[in-house]
There are 2 protein chains.
Amino acid sequence: MRMAEVSAKFELSQDTLRYYERIGLIPPVNRNNNGIREYSEDNLRWVEFIKCMRSAGLPIEALIEYVNLTQQGESTLNTRKELLIEQREQLRLRIVEMVETMERLDSKIENYEQSLSETERALSRP
Amino acid sequence: MRMAEVSAKFELSQDTLRYYERIGLIPPVNRNNNGIREYSEDNLRWVEFIKCMRSAGLPIEALIEYVNLTQQGESTLNTRKELLIEQREQLRLRIVEMVETMERLDSKIENYEQSLSETERALSRP
DNA sequence: ATACATGATGGAGTTAACTCCAAGTCAACA
DNA sequence: TGTTGACTTGGAGTTAACTCCATCATGTAT
C-alpha cells in the first residue's frame, strides 16, 4: 500500500507518516525500485498501533524504545514486556486522575443546575 | 498569599502563574501598593481548579472562555453550565478511548507472558 | 546605608510534534 | 514527447504552552 492510501486509512498526514518513520516511531518501510514506500501488512499494523498509543497519550520516547526493541529480536521480549507494564501503569494513573476530574465536573454541573432552578423559582415568585 | 508560596503550593512555576493570568486562564489577581500580587482565597481556588482541569487535558481555550463568563456575572450561568457539560462529555470520550487502549496493552502484556513462558519451557526441555 | 530577597514587566527563547516547502524522480497517459 | 500526478528528500516554518532573561522597584536584614 502507498502513502496516500495509508494516510487516508489512518487519518495521518503523509508528512506525519514520514516523520514517524524518520524518528523511529514506526519501523522502516520497504521501498520499491523507485524508492517509493510500499507499506506491508506489518507496517500497517504498526501505524495503527502507534496511532492508538499516541492518542492515549503514551510518550513518543517510550514508543520509540519499544519499536527499537522489537527490531532487536527475541532477546528483548522481557524488556518489552516490562516497558509495556510500566506504560500501562502510567496510563492507568492518568485515567484515574481524569475520572476524578470528570466527577468534579459532574458536581459542578449539578451546582449550576441548582443555582439555575433557584433563579427560576425566585423569578416566578409573586 | 504571594507568588512564591502559591507556586510551591500548586507546583506551578511563577512564570506559569503569570502566564496563566496574562492569557486569562485565571482571573486577574489583586496587587498591593507596590504592584505585587496578593492571591486571595478565591484566586487560590481558581489556580487549583485550572491546574486540575489542565492536567485532565481540558483545552485552554475552553477554560479561558469559562473564566471570562464567570467574570460577567450571573447572566452567564446557563452558558457556563453548557460549557462544562460539553467539556465533561469530551473528557468522558477521552477516558473511554484510554480505557480501551489500556485493555489492549493488557492483552499485549498477556501475550508476552505467554511467549516468555513458552521460551522457558523450550529451554528446560531435555 | 547597603545588600539581598522577592517581586514586577516586556519580550525573546525553547521544546515537542508536527507541517510546509522547494527541487527533483519516475511512470503513465494524451 | 511533454505533461501530470504521486512520490522522494532535506530542511525550514509553525503552534501551543510554557520558560528564561534583562532590567527595574521595594521591603527587610546587617
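One atom, CD of A/Q14, and another, P of D/dT9, lie 12 Å apart when rounded to the nearest Å. Taking atom CE on A/M53 and atom P on C/dA17, their separation rounds to 16 Å, with Å as the unit. Counting to the nearest Å, the P atom of D/dT28 and the CG atom of B/N32 are 11 Å from each other. Atom CD of B/E21 is separated from atom P of C/dA8 by 9 Å (rounded to the nearest Å).
Residue A/R37 has a polar side-chain atom (N or O) positioned under 4.0 Å from OP1 or OP2 of D/dT8. One finds a side-chain N or O of A/R54 lying less than 4.0 angstrom from the OP1 or OP2 phosphate oxygen of C/dA17. Using a 4.0 Å cut-off, no side-chain N or O of B/R22 falls inside it from OP1 or OP2 of D/dC18. Side-chain nitrogen and oxygen atoms of B/N34 include none within less than 4.0 Å of the OP1 or OP2 phosphate oxygen of C/dA8. The shortest distance between the side-chain N/O atoms of A/R18 and the OP1/OP2 oxygens of D/dT9 is not below 4.0 Å. In this model, the phosphate group of D/dC18 is approached by a side-chain N or O of B/Y20 to a distance below 4.0 Å at OP1 or OP2. One finds no side-chain N or O of B/T16 lying less than 4.0 angstrom from the OP1 or OP2 phosphate oxygen of D/dA17. A/S13 has no side-chain polar atom (N or O) that falls below the 4.0 Å cut-off from OP1 or OP2 of C/dC18.
No side-chain donor-acceptor contact under 3.5 Å links A/Q114 and A/E110. For the residue pair B/Y66 / B/R80, no side-chain donor-acceptor distance below 3.5 Å is found, with atom types taken as modelled.
At a threshold of 4.0 angstrom between heavy atoms, the contacts of B/I60 are confined to the sugar-phosphate backbone, with no base atom among them.
On a pure distance criterion of 3.5 Å, no polar donor-acceptor pair joins the side chain of A/D15 and the base of C/dC18.
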Next item on the list: Decide side-chain contact (heavy atoms from CB on, under 4.5 Å) for A/L105 and B/M53; before the verdict, give the C-alpha distance in whole Å, the side-chain angles of both, and the deciding distance to 0.1 Å.
Entry: CA-CA 9 Å; A/L105 281 175; B/M53 295 300 134; 3.9 Å; yes
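Ranking C/dA8, D/dC7, C/dG7 by closeness to the B/A4 side chain, first place goes to C/dG7.
For the pair B/K108 and A/F49, the cation sits on the ring face: its NZ or CZ lies under 6.0 Å from the ring centre, inside 45° of the axis.
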